[in-house]
Amino acid sequence: MASISIRPPWMLPDRAVTPENIHRRRREFLRQLGFVGSGLAWGPSLLAQTPATNAPAAGPQEARRNPEFSPKLPLTPERIVTNYNNFYEFSTQKDRVAQLVGRFRTQPWSIWVGGLCAKPMTLSWDDLMKVAPLEERVYRFRCVEAWSMVVPWTGFPLSKLLAQVEPTSDARYVKFTTVLRPDEMPGVQRLSDYPWPYTEGLRMDEAMHPLALIATGLFGKPLPKQNGGPVRLVVPWKYGYKSIKSIVKIELVREQPDTLWNALAPNEYPFESNVEPNVPHPRWSQATERDLATGNRIPTLPYNGYADQVASLYPRK
Ligand code: MTE
């Protein structure tokens, strides 16, 4: 994976189209990943996900707002949050994602949680809804591209889910994987050189931090597909690409896992990726951000405003 050298298109204008080089290298690329021939080398198949007997809730996700995790901030309008999306499996054009998710099936859904733990398990949607009471949290969300929003997520702490599988002391990292269904995801076909599936990771102590959220809704409704429905991660003190969407696999591992963006451009998308206004991206400043609600540029806060809660995780800084 690391040998693939592709310039990530983060800085392309929103409407720019990714070059089409695709079909020639696609088969070869999938073979390298193990998707052709013998199939996946690990875990459950992401291409043919284990059917669950039940489906994501259709109705509103009623959850009480948790004031401890909800600073009093004006919310970004729902229509912006749900129509300005980064979800490369569908499109690199933010305003196209919501239009392209129609064929993406999110029912039934299940998540496999395993690896270095005593009780690996596959959770059906109903199982997931029983992990912990749903709560609403208003989080700042800061993309590495220097735009930001404020979103009321519904969900529960990732730590509650991890506790269920009883991680062993060998587990030092958590690796997350997005579902991969090229037939339903036009962006996967278009960006055939990318090391799909989308993967991300956290250190174990980051994953156990109370701010790390498994989100199943926003604005009191089930999570829209374009925002990573039916279930995603939200890590508000890190750049948005760490908040992986449409998760089907969570694995406890010993070594720092590969992640899609880190594999593509390690110097631009490091594994840690905390929001750090004083550390510019190699191609742009991170000192300010565009507030999507107002269009104004505002200063970026260390750890995206969560320094009091998380700075102790990073004592060297
Ligand atoms: N997860 C997957 N599977 N694929 C993606 O392309 N984009 C990331 C992150 N999670 C992405 C993903 C990036 S770059 C950002 S900024 C956020 O999702 C965007 O989330 P939003 O569309 O809900 O605002």
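Basis for what follows: all heavy atoms, side chains included, without hydrogens, waters or symmetry-related copies. Order of listing sets the numbers, starting from 1, for every ligand and every atom in it.
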Under a plain distance cut-off of 3.5 Å, with no hydrogens placed, do Ser148 and Arg290 share a side-chain donor-acceptor pair?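 Judged by distance alone, the side chains do not pair up.
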Any side-chain donor paired with an acceptor under 3.5 Å for Asn227 and Lys245?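 Not at all, the side chains of Asn227 and Lys245 share no donor-acceptor pair under 3.5 Å.
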Please confirm whether the ring centroid of [X] lies under 6.0 Å from the ring centroid of [Y].
{"X": "Phe271", "Y": "Tyr173", "result": "yes"}
{"X": "Phe104", "Y": "Phe90", "result": "yes"}
{"X": "Tyr194", "Y": "Trp261", "result": "yes"}

In this structure, would [X] and [Y] fall into the same cluster of hydrophobic residues linked by side-chain contacts under 4.5 Å?
{"X": "Val235", "Y": "Met208", "result": "yes"}
{"X": "Val253", "Y": "Trp112", "result": "no"}
{"X": "Val279", "Y": "Tyr314", "result": "no"}

Which is closest to atom 15 (C) of ligand 1 in terms of heavy atoms, Gly229, Gly240, Ser246?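 Of the listed residues, Gly240 has the closest heavy atom.
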Could you tell me whether [X] approaches ligand 1 through its side chain, its backbone, both or neither, with non-hydrogen atoms closer than 4.0 Å?
{"X": "Glu200", "answer": "neither"}
{"X": "Glu145", "answer": "neither"}
{"X": "Tyr239", "answer": "neither"}
{"X": "Tyr198", "answer": "side chain"}

Considering the heavy atoms of Asn227, write down every atom of ligand 1 situated less than 4.0 Å from one of them.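 Taking each heavy atom of Asn227 in turn, ligand 1 has 21 (P), 23 (O) under 4.0 Å.
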Residue Cys143 vicinity, atoms of ligand 1 by number, heavy atom under 4.0 Å: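 Listed by number with element: 16 (S).
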Less than 3.5 Å between some nitrogen or oxygen of [X] and one of ligand 1, yes or no?
{"X": "Trp147", "answer": "no"}
{"X": "Tyr241", "answer": "no"}
{"X": "Thr178", "answer": "yes"}

Has [X] got any heavy atom lying under 4.0 angstrom from an atom of ligand 1?
{"X": "Met149", "answer": "yes"}
{"X": "Lys242", "answer": "no"}
{"X": "Ser243", "answer": "yes"}

For the pair Thr106 and Val101, evaluate side chain to side chain contact (heavy atoms under 4.5 Å, CB included) and give the outcome as yes or no after the intermediate values. CA-CA 10 Å; Thr106 54; Val101 294; over 6 Å; no
